[in-house]
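Okay, so here's the structure we're looking at.
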Protein chains: 2
Amino acid sequence: MGTQIDLPLDQVLVGDCIAWLKHLPPASVHAIFADPPYNLQLKGTLRRPDDSLVDGVDDDWDRFADLGAYDAFTREWLTECRRVLRKDGTIWVMGAYHNVFRLGTALQDQGYWILNDVIWRKSNPMPNFRGRRFTNAHETLVWAARGPESRYRFNYAAMKALNDDLQMRSDWLIPLCTGGERLRDDAGAKLHPTQKPEALLHRVILACTAPGEVILDPFLGSGTTAAVAKRLGRRFIGIERDTTYAEAARARVAGVEPAPEEAAAALPSKKEQPRIPFGTLVERGLVPAGTQLFDRQKRWQAVVGADGTLRCGHATGSIHKVGAAVQEAPSCNGWLFWHIEQRDGRLRVIDELREDVLRQM
Amino acid sequence: MGTQIDLPLDQVLVGDCIAWLKHLPPASVHAIFADPPYNLQLKGTLRRPDDSLVDGVDDDWDRFADLGAYDAFTREWLTECRRVLRKDGTIWVMGAYHNVFRLGTALQDQGYWILNDVIWRKSNPMPNFRGRRFTNAHETLVWAARGPESRYRFNYAAMKALNDDLQMRSDWLIPLCTGGERLRDDAGAKLHPTQKPEALLHRVILACTAPGEVILDPFLGSGTTAAVAKRLGRRFIGIERDTTYAEAARARVAGVEPAPEEAAAALPSKKEQPRIPFGTLVERGLVPAGTQLFDRQKRWQAVVGADGTLRCGHATGSIHKVGAAVQEAPSCNGWLFWHIEQRDGRLRVIDELREDVLRQM
DNA sequence: CAAGCTGTTGAATCTTACC
DNA sequence: TGGTAAGATTCAACAGCTT
């Protein structure tokens, strides 16, 4: 523990993270959280359907000449991180599909031992405005030990408590950082383009550190890691090369009140009520494509498509839309309107099938 | 399309996938789904998937040699896949944290263009018995085009329909393959250690192929890809080196009943429907020359010319150009902006007239 | 005050057909 | 091949205002 005396604890260091890391003593921090540039490679502009402009990440710090340059940068800071990490420490590295495969490969190549890949599922992601891909609704965190033999810390009980006494899974549902939590400049614009939600860091820090231990963030940005660390009674070392961000992080941390020691345990988790689209019943074979559906009096019949749409004469669309169309009604709850014919000839309302699926989950 | 005659369609090919891929003509398949082995073995050879390797590591294994051998194998079959893939085709590659970073990096290095990483969230994952990690509750699918300029297929409307008229997200909740769907041997043991659920392949195939197109699976295993392809009216090519699995897959496919043709077709998007110029409505008398058009709030009005142009003050041109001009917007979809006044005085959007014409064709 | 309506926004690799 | 024009495309959360 003597080396900790030399550590710049609870400080925001301004400058290049690789240079700063080289100044830190070896095997000195218990955990690292790194949210490096993603190398998004955006081209042109993107507009929403209402013609408003999307404010994409086009900052200089996210531009690299090519994948090779990005890999070289990644391997350099990861090498220094591994030197600085204690033998029993763990590292979190975060990214999206643009860069996360480079990050994971570099971690493995350097001898880190991956423990989990954790999915941050965004409850409110930005949609895909042009309809050319799936909504990119998540980011990935790779959690790794220093090596395969590491006796790392995992606060299993705390994670289970945080998840209503169920084992914490590798997929986490957490909203974007918006509203009052989002730092803003004097003009009311977001201060940092990619500020992470405190809930995410709360879970990360609680999972792999004990109170008083040191967590290092080489890309501190707006200071979420430092703020949550202080609130949870951990020590932090933050490195940030942009002076504006670093200043904002310092001010933010200064305003944080550490939680009472006994309260640093758990926040209530929001229980998730899964929504079952009709298409799910089709995919799972409960209502195969081609099945005929009927209303209760068998006045109408419709055919199920592989994509979960119904077709009845000219009407095509969701179970609700087609139900409304055939009745010439303004709206219709298709779950209660449509039925399948069972083997014994009796009708069964499809809402009961949905309940079967819900029970399985 | 002539090359398709040479393709071994709807067959299960037994043998090494790289050798078989080299025999297939270039640019011949519309989509590829690959669920490769993620085991590494000593001396660089690979064996088939086996649950036992997750944590057990041999003492004398050389980590670099093993990762290198896995990478070499990955790059070899991905190279052949890229040759066989049509210019506008897409590939799905699936893995877990042990191997998916190698897969994604290899894809990018070979020029593939990642479109999404999709998370298969398991509703019923195996718990982590020792409580040393988060429950590993997901696997990752990487979806990629052949290159950044590819004009790939994405059945956006079908995916949206499958999800109750909300954009399909990158996280999919699907149960493990269990119960009656799981293939078993005579002793009742599972036939294949990693049989994928049909619901997963249903969504994959529906997202990126049209009926009649060809999907290739170089690691067919128990044949889920082939079975779902047949049921959805797609053609398949399956490669599997284990004769037991290959035989089981053949028998499984033979028992599959294809869905009716109209059910297998995905909901066509507007882009895929034949284009109706606005002038057609004028020609056919649905919107006679001289008709006045209004926006929804009747803030502007325009007069229809005999050539299908609009005139509104100084602005003259297509319905789109004039719509954009009066709003001073960068662009405008005139079909949804302009309305005609009906006899009862109510407004009707001209897009509905276009749909009437489409139905008559 | 509650309920409802409007406008804004978030790590974005976001079009295609025709000439 | 490139240039131009047609026309397709959004979800959840929050803030601020009206009813």
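Each chain gets a letter, A, B and so on, in the order the sequences are listed, and its residues count up from 1.
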According to a strict under-4.0 Å criterion, is [X] in side-chain N/O contact with OP1 or OP2 of [N]?
X	N	answer
Thr178(A)	dA13(D)	no
Arg275(B)	dG7(D)	yes
Tyr38(A)	dT13(C)	no
Arg132(A)	dT16(C)	yes
Lys190(A)	dG10(C)	yes
His320(B)	dG7(D)	yes
Arg130(A)	dT15(C)	yes
Tyr156(B)	dT10(D)	yes

| task | Give a yes or no on whether a donor-acceptor pair under 3.5 Å exists between the nucleobase atoms of dT13(C), that is its base, and the side chain of Arg133(A). | result |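 When only heavy-atom distances are counted, Arg133(A) does reach the base of dT13(C) through a donor-acceptor pair under 3.5 Å.
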| task | Answer yes or no: side-chain N or O of Arg354(B) and base N or O of dG7(D) forming a donor-acceptor pair under 3.5 Å. | result | no
The side chain of [X] lies closest to which of these nucleotides: [options]?
X	options	answer
Ser269(B)	dC11(D), dA11(C), dT9(D)	dT9(D)
Gln108(B)	dT10(D), dT13(C), dT15(C)	dT13(C)
Lys196(A)	dA11(C), dG7(D), dT16(C)	dA11(C)
His98(A)	dA12(C), dA13(D), dT9(D)	dA12(C)
Asn136(A)	dA8(D), dA12(C), dT10(D)	dA12(C)
Thr194(A)	dA12(C), dA11(C), dT16(C)	dA11(C)

What nucleic acid atoms does [X] come within less than 4.0 Å of, heavy atoms only: base, sugar-phosphate, or nothing?
X	answer
Lys43(A)	base
Gln41(A)	base
Arg47(A)	nothing
Pro36(A)	base
Asp58(A)	nothing
Gly44(A)	base
Lys160(B)	sugar-phosphate
Leu166(B)	sugar-phosphate
Asn39(A)	nothing
Ser318(B)	sugar-phosphate
Pro125(A)	base

Mind checking who [N] pairs with, Watson-Crick or G-U wobble, both distances under 3.5 Å?
N	value
dG7(D)	none
dA12(D)	dT9(C)
dC14(C)	none

| Should dT13(C) be called syn or anti, with syn set as within 90° of 0? |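 Chi for dT13(C) falls in the syn range.
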Between [M] and [N] - [atom1] atom distance, rounded Å:
N	M	atom1	value
dA12(D)	dT13(C)	C1'	23 Å
dC17(D)	dC1(C)	P	16 Å
dA12(C)	dT9(D)	C1'	14 Å
dT9(C)	dA8(D)	P	27 Å
dG7(C)	dA11(C)	C1'	23 Å

| message | Check this for me: does any side-chain nitrogen of one of Lys196(A) and Asp217(A) sit under 4.0 Å from a carboxylate oxygen of the other? | response |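 Asp217(A) and Lys196(A): not salt-bridged.
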| query | Got a salt bridge between Arg47(A) and Asp51(A), using NZ or NE/NH1/NH2 to carboxylate O under 4.0 Å? | reply | no
| query | Between Glu355(B) (CD) and dA8(D) (C1'), how many Å, whole number? | reply |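 My rounded result for the distance is 13 Å.
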Parallel, tilted or perpendicular: which fits the ring planes of [X] and [Y], with parallel below 30° and perpendicular above 60°?
X	Y	answer
Trp92(B)	Trp172(B)	tilted
Phe64(A)	Phe73(A)	tilted
Tyr245(A)	His192(A)	tilted

| Trp338(B) and Phe278(B) aromatic centres sub-6.0 Å | no
| field | Stacked cation flag Arg146(B) on Trp113(B), 6.0 angstrom / 45 deg | value | no
| query | With a cut-off of under 6.0 Å to the ring centre and 45° to the axis, is Lys298(B) in cation-pi contact with Trp300(B)? | reply |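 Verdict for Trp300(B): no cation-pi partner in Lys298(B).
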| said: Tell me whether Trp113(B) and dT13(C) count as stacked here, given that the ring centres must be under 5.5 Å apart and the planes must differ by less than 30 degrees. | reply: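 Yes, Trp113(B) stacks on the base of dT13(C).
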